[in-house]
Amino acid sequence: MPEFDIIKQYFQAATAQRADVVLGIGDDCAILQPPAGKQLAVSTDTLIAGVHFPEDTAAEDVGYKSLAVNLSDLAAMGAEPAWVMLALSLPAEDPAWLQQFMQGFSELARQYPLQLVGGDTTRGALSITVHVTGFVDPQLTLRRDGAKPGDSIYVSGYLGDAGLGLQKRLGQLSSGQGLDHCVSKLNRPQPRIELAQLIKPFATSAIDISDGLLADLGHILEQSQCAAEIVLGQVPLSPELQAYYGDSLDWQSILSAGDDYELCFTVAPGNETQIGSIAAAMDLPLTRIGEIKSGQGLVCLDHEQQPMNLSVAGYNHFE
Ligand code: ADP
Ligand code: MG
């Protein structure tokens, strides 16, 4: 394993430095000063080679994505990123791999005032665990349990690209020239941190779409104890995905393949014009795809306004 100087070299310079880090990398613990009046939002996610990414994924992309999926959780709560920890298990001492990994990690981290404050480095099967901490205003957290009947349902960006990118990476597509944008959505999702800050005063609930819209909107419905109707024809699809599928869209895959890392959020009827202004200001599609209803369950209407039968199953690691 790398000596401590090497650890320092890769980790200490990887991110921005923050004034609220009293003691960063180099001691037994980091010492952090939380700001008065804020609450901490904390989250952790592990990525395992062969499970969360194909084993031959470029180290830079693994570094970028391992942070991105964690920042996406902070975005889903409306939190501002502050501190991050990184626990690495590596099969061999491989400074070139580590350097590239940290380059990808750092490229994303440096978009935010986010500091790497510690971690752990061990030998074992390739696995990466990131732990992030962000700050939230106690009155302005985005949670899964706030949706109300009559709210509109929105999603950011386009859905299904990462799932199609993964099929391409795994060699499962017979055609599929030039799905570069889809592969890059798979490897380098943009966490919607800035969007979350802007919608936070207007959204009644939010979740990041990591397991596909059906599963993740399903979590909002369960926790908010309501139902929803979405119109498939409104679901935003990228030009690249539309060109690939033509007239035979694979809705099951688009809505359940996962890895989109877009936000799904709900908005009370009076606040919809604000969402339009935010979309324009950010130059990011924010699309109304349906409505929260009272009751239970999720109905997806096809182009003839008929319910389409889609299965909600997300990825279950223990099945
Ligand atoms: P200890 O044996 O006391 O746990 P380590 O040798 O594991 O100490 O770590 C020394 C310092 O380097 C600690 O501050 C730790 O947080 C930091 N560190 C180790 N691995 C990483 C990593 N992958 N990313 C960031 N910091 C790390
Ligand atoms: Mg340690």
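Just so it is clear, the structure is predicted and the values come from calculations on it, not from any experiment.
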Original post:
Considering only heavy atoms from C-beta outward, does the side chain of Ile128 approach that of Phe53 to under 4.5 Å?
Top reply: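 Counting from C-beta outward, Ile128 and Phe53 do come under 4.5 Å.
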
Original post:
Just by distance, do the side chain of Gln100 and the backbone of Ala58 share a donor-acceptor pair under 3.5 Å?
Top reply: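 Checking the backbone N and O of Ala58 against the side chain of Gln100, no donor-acceptor pair under 3.5 Å is found.
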
Original post:
Shortest non-hydrogen contact from Asp151 to Pro269?
Top reply: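 Nearest heavy atoms, Asp151 then Pro269: OD1-CD, 4.1 Å.
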
Subject >> Close side-chain approach of Asp259 and Pro189, heavy atoms under 4.5 Å >> reply: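 No, side chains not in contact.
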
Original post:
Are any of the side-chain heavy atoms of Val132 and Pro81 separated by less than 4.5 Å?
Top reply: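 With C-beta onward as the side chain, the pair stays apart.
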
Original post:
Just wondering, do Thr129 and Ser89 contact through their side chains at under 4.5 Å, heavy atoms?
Top reply: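 The answer is no, as the side chains (C-beta and beyond) never meet within the 4.5 Å cut-off.
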
**OP:** In sequence, state the C-alpha distance, the side-chain angles, and the governing distance for Ser156 and Ile199, and then conclude on side-chain contact (heavy atoms from CB on, under 4.5 Å).
**Re:** CA-CA 11 Å; Ser156 64; Ile199 62 171; over 6 Å; no

Subject >> Any His303 side-chain heavy atom under 4.5 Å of Met308 side chain >> reply: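 No, too far: nothing below the 4.5 Å cut-off.
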
Original post:
Between Tyr112 and Leu74, is any pair of side-chain heavy atoms under 4.5 Å apart?
Top reply: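 No; the side chains remain at least 4.5 Å from each other.
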
**OP:** Look at the side chain of Asp260 and the backbone N and O of Gly160, then say whether any donor-acceptor pair between them is shorter than 3.5 Å.
**Re:**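 Yes; at least one donor-acceptor contact below 3.5 Å.
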
Subject >> CZ (Arg143) with more than 12 external heavy atoms under 6.0 Å >> reply: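 Check fails, neighbour count at 12 or below.
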
**OP:** Return the minimal non-hydrogen interatomic distance between Ala203 and Leu142, and the atom names on each side.
**Re:**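 Smallest heavy-atom distance, with atoms named: CB-CD2, 3.6 Å.
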
Subject >> Residue that, paired with Leu23, satisfies side-chain contact (heavy atoms from CB on, under 4.5 Å) out of Asp27, Ile25, Val21 >> reply: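 Single pass found, and it is Asp27.
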
Subject >> More than 12 heavy atoms of other groups within 6.0 Å of Gln111 CD >> reply: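 Enclosed: over 12 neighbouring heavy atoms sit under 6.0 Å from CD of Gln111.
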
**OP:** Quick one: pull up CG in Leu32 and CD in Gln115 and give me the separation to the nearest 0.5 Å.
**Re:**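 Between atom CG of Leu32 and atom CD of Gln115 there are 8.5 Å.
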
Subject >> From OG1 (Thr266) to CD (Glu291), nearest 0.5 Å >> reply: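 Answer for the OG1-CD pair, Thr266 versus Glu291, is 11.5 Å.
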
Subject >> Thr44 (side chain) donor-acceptor with Val130 (main chain) under 3.5 angstrom >> reply: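 Yes, Thr44 side chain to Val130 backbone: donor-acceptor pair under 3.5 Å.
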
**OP:** Answer yes or no: are there more than 12 heavy-atom neighbours, outside Gln234 itself, under 6.0 Å from its atom CD?
**Re:**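 Check passes, neighbour count above 12.
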
Subject >> Hphob cluster co-occupancy, Ile209 + Ile275, side-chain heavy atoms under 4.5 angstrom >> reply: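 Ile209 and Ile275: separate clusters.
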
**OP:** Quick one: pull up CG in Asp61 and OG in Ser66 and give me the separation to the nearest 0.5 Å.
**Re:**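 Answer rounded to 0.5 Å: 10.5 Å.
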
**OP:** Assess whether atom CG of Asn309 is packed by more than 12 heavy atoms of other residues, nucleotides or ligands within 6.0 Å.
**Re:**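 Open.
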
Subject >> Check: Asp73 and Asp208 side chains under 4.5 Å, non-hydrogen atoms >> reply: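 They are in contact (side-chain heavy atoms under 4.5 Å apart), so the answer is yes.
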
Original post:
Would you call Glu80 and Lys200 a salt bridge, using N to O less than 4.0 angstrom?
Top reply: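 The answer is no: the pair does not qualify as a salt bridge.
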
Subject >> Sub-4.5 Å side-chain heavy-atom contact between Lys168 and Cys182 >> reply: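 The answer is no, as the side chains (C-beta and beyond) never meet within the 4.5 Å cut-off.
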
Subject >> Pair listing, ring-ring contact (aromatic ring centres under 6.0 Å, His included) test, anchored in residues 255-274, at least two apart >> reply: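 Counting only pairs at least two positions apart or across chains, the ring-ring contact (aromatic ring centres under 6.0 Å, His included) contacts touching residues 255-274 are Tyr154-Phe265.
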
**OP:** Take Glu60 and Arg188 through the side-chain contact (heavy atoms from CB on, under 4.5 Å) test and state the conclusion after the steps.
**Re:** CA-CA 10 Å; Glu60 267 187 69; Arg188 300 212 163 205; 3.6 Å; yes

**OP:** Mind listing the closest non-hydrogen atom pair of Ser294 and Ala227 along with its distance?
**Re:**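 Closest heavy-atom pair between Ser294 and Ala227: O-CB, 3.7 Å.
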
Subject >> Donor-acceptor contact below 3.5 Å, side chain Ser224 vs main chain Leu221 >> reply: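 Not confirmed, Ser224 side chain does not pair with Leu221 backbone.
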
Original post:
What's the shortest heavy-atom distance between Leu214 and Cys300, and which atoms?
Top reply: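 Distance-wise, the nearest heavy atoms are CD2-SG, 3.8 Å.
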
Using residues 133-141 as the side-chain source, report each donor-acceptor pair under 3.5 Å to any protein atom, sequence neighbours left out, with the distance given to one decimal.
from   : atom 1 : to    : atom 2 : distance (Å)
Asp137 : OD1    : Lys38 : NZ     : 3.0

Original post:
Any link between Ile193 and Leu263 through a network of hydrophobic side chains (Ile, Leu, Val, Met, Phe, Trp, Tyr) touching at under 4.5 Å?
Top reply: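 No; tracing contacts between hydrophobic side chains, which count when under 4.5 Å, never links both residues.
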
**OP:** Check whether Val155 and Leu255 end up in the same hydrophobic cluster, where Ile, Leu, Val, Met, Phe, Trp and Tyr are linked by side-chain heavy atoms less than 4.5 Å apart.
**Re:**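 Yes, same cluster.
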
Original post:
Of Leu232, Val235, Leu241, which is the lone residue that meets side-chain contact (heavy atoms from CB on, under 4.5 Å) with Leu249?
Top reply: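 Answer after filtering Leu232, Val235, Leu241: Leu241.
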
**OP:** May I ask whether Leu88 and Leu114 are part of the same hydrophobic cluster, defined by side-chain heavy atoms of I, L, V, M, F, W, Y residues being less than 4.5 angstrom apart, directly or through others?
**Re:**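 Hydrophobic grouping puts Leu88 with Leu114.
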
Subject >> Gap separating the CZ atom of Arg18 from the CD atom of Gln33, nearest 0.5 angstrom >> reply: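 Rounded to the nearest 0.5 Å, the CZ-CD separation comes to 11.5 Å.
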
Original post:
According to the ring-ring contact (aromatic ring centres under 6.0 Å, His included) rule, which pairs have a member within residues 24-44, sequence neighbours left out?
Top reply: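 Listed once each, the pairs would be none.
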
Original post:
With distance as the sole test, does Asp216 use its side chain to make a donor-acceptor pair with the main-chain N or O of Ser210 at under 3.5 Å?
Top reply: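 Yes, because the side chain of Asp216 sits within donor-acceptor range (under 3.5 Å) of the backbone of Ser210.
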
**OP:** Would you name the heavy atoms of Thr204 and Val267 that are closest together and state the gap between them?
**Re:**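 Closest approach of Thr204 to Val267, heavy atoms only: OG1-N, 4.0 Å.
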
Original post:
Can you tell me how far the CZ atom of Arg169 sits from the CG atom of Leu164, to the nearest 0.5 Å?
Top reply: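 With rounding to 0.5 Å, CZ (Arg169) is 13.5 Å from CG (Leu164).
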
Subject >> Flag if over 12 foreign heavy atoms under 6.0 Å of CD, Gln242 >> reply: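 Yes.
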
Original post:
Does a donor on one side chain sit under 3.5 Å from an acceptor on the other, for Ser253 and Gln167?
Top reply: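 Yes - a donor-acceptor pair under 3.5 Å links their side chains.
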
Original post:
Between Ile220 and Ala206, which heavy-atom pair has the shortest distance, and what is it?
Top reply: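 Where Ile220 meets Ala206 most closely, the heavy atoms are CD1-C, 4.0 Å.
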
**OP:** Go through the steps for Lys148 and Cys226 under the test side-chain contact (heavy atoms from CB on, under 4.5 Å), then give the verdict.
**Re:** CA-CA 7 Å; Lys148 295 275 182 306; Cys226 41; over 6 Å; no

Original post:
When clusters are formed by joining ILVMFWY residues with side-chain heavy atoms under 4.5 Å apart, either directly or through shared neighbours, do Val117 and Tyr10 land in the same one?
Top reply: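 No, separate clusters.
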
**OP:** Applying side-chain contact (heavy atoms from CB on, under 4.5 Å), run through Val69 and Leu47 and close with a yes or a no.
**Re:** CA-CA 9 Å; Val69 303; Leu47 270 68; 3.6 Å; yes

Subject >> Spacing of CD1 belonging to Ile153 relative to OG belonging to Ser205, to within rounding of 0.5 Å >> reply: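 Ile153 CD1 to Ser205 OG: 8.5 Å, rounded to 0.5 Å.
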
**OP:** Kindly say whether Arg144 contributes a backbone atom to a donor-acceptor pair with the side chain of Gln223 at under 3.5 angstrom?
**Re:**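 Checked: no pair found.
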
**OP:** Indicate yes or no for a side-chain donor-acceptor contact from Lys65 to the backbone of Leu186 under 3.5 Å, with no hydrogens or angles considered.
**Re:**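 Looks like yes, one N/O pair under 3.5 Å.
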
